Asks: 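Structure in structure tokens, see below.
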Amino acid sequence: MTSAHSKLYSDDVSLVVVVVDTNPFFWAAAAAALPFADFFAHLIHFVNSILLLNHLNRVVVIAAGVSSCAYILDSSDVSPSGGVGISDTFDRASRKAEEFIAQDARATAGNGSVASANAASLLSGALSLALCYIQRIFRSGTRHPQPRILCLQGSPDGPEQYVAVMNSIFSAQRSMVPIDSCIVGTQDSAFLQQASYITGGVYFKPQELNGVSAIRRLSTWDMFVQFVCQYSARIRRSVQPAGQNSVVSCLI
Amino acid sequence: MYGVGGGGGGFNAPSTTAGRRRNPGDEEEDEEEEGGEGRVLEAWERAYADERSWESLQEDESGLLRPMDTKTLVHAQYRRRLLLRSSAAAAARIQKGLIRYLYIVIDLSRAASEMDYRPSRMAVVAKHAEAFIREFFDQNPLSHVGLVTIKDGIAHRLTEIGGSPESQIKALMGKLECSGDSSLQNALELVHGYLDQVPSYGHKEVLILYSALNTFDPGDIMETITKCKKSKIRCSVIGLAAEIFICKHLCEETGGSYTVALDESHFKELLLEHAPPPPAIAEYTAANLIKMGFPQRGAEDLISICSCHKKIKSGAEGYICPRCKVNVCELPTECRTCGLTLVSSPHLARSYHHLFPVAPFDEVTPVPNRIQRGGQICFSCQQSLFNPDGQSNLHVRCPKCNQHFCLDCDIYIHESLHNCPGCESQRSIAS
């Protein structure tokens with residue numbers, strides 16, 4: 001099912017679906033470099049800056065936990081208090097995120113199959129939800145924002161999700177939705193490298209610089225800025241070194 | 001010569017989709033225009049006399065026509081297709097032929113210039129054949145397609161069997177003229193000769209798009225049919241005119257499917273049904289181990305001549321065959337030097353959804369004036385499952401994870417995504 005060739009806006013109007021990894025095992029280990037609360041705050045600022053660029057932009061945040069996935073934020077929802085603004089977005093999103101993390105922790109505690117050290121987050125579930133939401137946007141009419149997916153991943157890949165993740169990637173390729181990935185942790189993610197390569201997105205893993213750890217660097221504004229609009233992401237893609245592709249082709 | 005068999009006119013009835021699909025007793029693909037149980041009306045007449053398709057039009061307050069709500073209809077069609085496919089595979093794990101060698105035979109005889117399909121049968125066939133080839137390579141990345149045309153009673157091979165859709169489509173669009181008679185036997189003989197050279201692990205198939213009502217054969221076509229059957233070639237036919245006995249016999253003997261199209265959209269549907277891999281016939285399959293190579297890109301500074309275009313290329317622009325170290329430009333392909341099939345892992349991954357399909361979802365009947373448990377919003381797209389006036393819409397539920405989904409997500413999940421978001425968003429409990 002391909003996207004309808006519709007009359008798109010002339011300006012850069014995008015729908016960004018952000019898939020956030022909320023794996024408690026990973027964030028517990030990374031707490032020394034950057035606590036999750038700080039990271040989430042930076043994410044909210046990033047979301048707000050996208051919304052500020054163009055009033056027609058939309059952002060959806062989906063959290064990928066260890067035992068479940070859920071929608072955290074949809075910028076097109078009207079809040080019950082009627083307020084629209086940065087603090088309002090922050091409040092709503094934080095509350096939802098806390099509820100989700102608590103619920104996920106309860107579900108994980110009750111499930112003995114999760115090994116703590118290398119627990120993977122449910123990337124396949126979150127990508128499937130993102131793609132279904134994007135299909136809903138395609139169906140909504142002839143003028144719709146340009147969709148793309150941004151994955152913020154820290155946990156290692158779960159091999160049991162391979163088939164599901166590949167299915168999502170091929171579906172994204174058919175719908176022409178680029179999947180950009182930004183690695184928050186220390187390990188490269190083979191799934192996201194494939195995803196960005198096949199769908200024409202950007203794969204980004206910040207390096208440690210001047211003693212500042214990679215994850216701390218990421219949270220600063222100048223790292224995130226390249227994902228804020230689709231044109232900056234395109235510039236990033238064009239200067240992607242060829243070496244990136246050779247890493248991908250080693251995945252057999 | 002075998003002419004038209006069975007009764008019934010009904011060439012390309014101008015019946016509406018509603019008229020055709022609501023007939024409960026008829027099967028979608030087979031001879032709807034056939035005589036059958038002694039009833040008086042033709043299929044196209046039924047649409048007017050019995051179903052009164054004009055009555056489903058509605059007007060709004062200002063007298064303008066309201067667009068028809070085809071959503072539930074489309075969904076019902078889609079569910080019927082899905083259940084047919086899954087019931088076929090339900091009983092046991094059915095083996096499917098993923099490496100297919102398919103020849104598409106296009107009939108370019110005089111009958112193809114008939115104008116009952118607009119602008120002509122030949123144009124419609126070519127257009128949908130192009131869409132079919134693209135869909136085929138999308139669903140079967142490891143397969144090969146070749147094209148054969150029948151014109152003036154002679155069969156020509158248009159393109160060699162190959163793995164690249166662009167060259168096939170270009171060749172097809174370049175040569176579209178029709179004349180003369182059509183010969184089924186010549187086409188089958190030609191295809192049989194080429195398919196004999198295919199490796200034994202491949203599934204040999206022929207898809208004939210037949211517009212004519214007869215065939216002019218130089219010899220005994222029954223012998224050709226038995227020859228094809230012995231070579232394990234599975235022949236399917238899609239007819240554009242009426243049902244022909246010899247096509248039916250051919251398909252029954254070789255284990256293929258014979259369908260006759262009623263109009264253009266029906267033809268497209270029938271054609272695209274041949275894109276997913278069919279269940280393998282027990283006697284035809286040889287469960288072998290197949291040798292495949294997974295080439296990597298060469299080093300930047302490695303300069304060599306590529307084996308496909310004979311041009312100088314740097315190693316980083318092509319792939320190096322793991323067995324004979326020759327440079328190839330694109331995948332999937334067969335190495336020209338050592339004959340090894342070269343693929344990359346995403347090509348194999350594209351076929352996994354055929355092996356692990358998503359179970360069909362159960363329909364949840366809308367209960368008026370009662371709050372449904374858990375059925376407020378669609379789990380995957382967060383759209384409300386209720387009408388503005390509070391009535392719940394028809395929606396579906398996954399039998400494994402019990403999440404509710406709307407109809408559009410149901411179609412998207414089963415036709416494109418092949419993952420149930422509910423099942424994927426859940427960590428399975430260790431047994």
Side-chain angles (χ1 to χ4, degrees), chain A residues 1-2 60 62 64-71 74 77 104 107-108 110-114 119 122-140 160-175 194 197-198 242-243 245-246 248-252, chain B residues 71 135 138-139 141 292-300 314-317 319-320 322 331 343-346 348-353 355-356 358 377-383 401 403 405-406 408-431:
Chain A
M1 220 182 262
T2 49
V60 174
I62 298 177
V66 170
S67 307
S68 54
C69 301
Y71 283 83
D74 184 344
D77 276 345
D104 192 43
T108 312
N111 184 351
S113 71
V114 178
L122 293 174
L123 179 66
S124 56
L127 280 179
S128 307
L129 289 177
L131 286 167
C132 287
Y133 189 88
I134 288 175
Q135 287 300 315
R136 172 186 164 190
I137 296 300
F138 283 149
R139 285 194 300 267
S140 67
E160 69 277 2
Q161 295 174 34
Y162 176 70
V163 177
V165 171
M166 294 309 284
N167 282 340
S168 313
I169 293 172
F170 295 134
S171 185
Q173 187 195 23
R174 275 178 93 168
S175 318
Q194 286 269 20
Y197 180 64
I198 290 176
N245 289 338
S246 65
V248 170
S249 61
C250 292
L251 303 163
I252 52 169
Chain B
K71 203 162 116 165
E135 179 71 19
D138 194 60
Q139 300 225 18
M292 287 197 170
F294 292 88
Q296 298 190 15
R297 283 202 186 264
E300 278 266 358
S314 117
E317 291 172 45
Y319 300 92
I320 309 291
L331 298 180
V343 294
S344 71
S345 66
L348 288 180
R350 269 185 214 274
S351 310
Y352 290 161
H353 67 89
L355 305 174
F356 310 115
V358 184
I377 48 170
C378 169
F379 178 74
S380 50
C381 67
Q382 306 284 296
Q383 200 165 29
C401 59
Q403 297 288 359
F405 300 99
C406 61
D408 301 304
C409 284
D410 183 22
I411 295 181
Y412 175 64
I413 287 168
H414 284 96
E415 305 223 313
S416 184
L417 186 59
H418 305 293
N419 281 345
C420 166
C423 299
E424 291 302 321
S425 304
Q426 233 172 300
R427 177 73 66 166
S428 54
I429 314 282
S431 52

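This one's a predicted model, so the numbers in the text were calculated from it and none came from an experiment.
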Asks: Check B/Gln426 against A/Leu122 and note the closest heavy-atom contact, atom names and distance.
Replies: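 Heavy-atom minimum between the residues: N-CD1, 4.0 Å.
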Asks: Does B/Ser380 offer a backbone N or O that forms a donor-acceptor pair with the side chain of A/Tyr71 under 3.5 Å?
Replies: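 Flag set: sc A/Tyr71 to bb B/Ser380 pair under 3.5 Å.
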Asks: When you measure from the side chain of B/Arg427 to the backbone of A/Val66, do you find a donor-acceptor pair of N or O atoms at a distance under 3.5 Å?
Replies: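 Flag set: sc B/Arg427 to bb A/Val66 pair under 3.5 Å.
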Asks: Please report the C-alpha distance between B/Glu415 and A/Arg174 in whole Å, then the side-chain angles of each, then the deciding distance to 0.1 Å, and finally whether the salt bridge (charged side-chain N to carboxylate O under 4.0 Å, His left out) criterion is met.
Replies: CA-CA 12 Å; B/Glu415 305 223 313; A/Arg174 275 178 93 168; over 6 Å; no
Asks: Taking all non-hydrogen atoms of both residues, which atom of A/Leu131 and which atom of B/Tyr412 are closest, and how far apart?
Replies: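 Smallest interatomic distance, heavy atoms only, reads CB-OH, 3.5 Å.
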Asks: Looking at CD of B/Glu424 and CG of A/Leu129, how far apart are the two atoms once the value is rounded to the nearest 0.5 Å?
Replies: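 Spacing of CD (B/Glu424) from CG (A/Leu129) equals 10.0 Å.
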Asks: Given heavy-atom pairs under 4.5 angstrom as the criterion, report whether the side chain, backbone, both or neither of B/Ile413 touches chain A.
Replies: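 The side chain, not the backbone.
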Asks: What closest approach, in Å, do B/Asn419 and A/Ser168 show between heavy atoms, and which atom pair accounts for it?
Replies: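 For B/Asn419 versus A/Ser168, the nearest heavy atoms are ND2-OG, 3.1 Å.
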Asks: Please report the closest heavy-atom contact between B/Cys381 and A/Cys132, naming both atoms and the distance.
Replies: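 The pair with the smallest heavy-atom distance is CB-O, 3.8 Å.
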Asks: Between B/Pro421, B/Cys378, B/Cys423, B/Ser344, which shows the greatest number of heavy-atom pairs under 4.5 Å with chain A?
Replies: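 The candidate making the most pairs under 4.5 Å is B/Pro421.
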Asks: Non-hydrogen atoms of chain A under 4.5 Å away: do they reach the side chain of B/Phe405, the backbone, both or neither?
Replies: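 Neither; nothing under 4.5 Å.
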Asks: Would a 4.5 Å heavy-atom cut-off, applied to side chains only, mark A/Arg139 and B/Asp408 as touching?
Replies: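 The answer is yes, as the side chains (C-beta and beyond) meet within the 4.5 Å cut-off.
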Asks: Does the side chain of B/Ser345 come within less than 4.5 Å of A/Gln194's, by heavy atoms?
Replies: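 Counting from C-beta outward, A/Gln194 and B/Ser345 do come under 4.5 Å.
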Asks: Against chain B, label A/Leu123 side chain, backbone, both or neither, depending on which of its atoms sit under 4.5 Å from a heavy atom there.
Replies: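 For A/Leu123, no heavy atom lies under 4.5 Å from chain B.
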Asks: Taking all non-hydrogen atoms of both residues into account, name the closest pair between A/Tyr162 and B/Ala349 and its distance.
Replies: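 Shortest heavy-atom separation between A/Tyr162 and B/Ala349 comes out as OH-CB, 3.9 Å.
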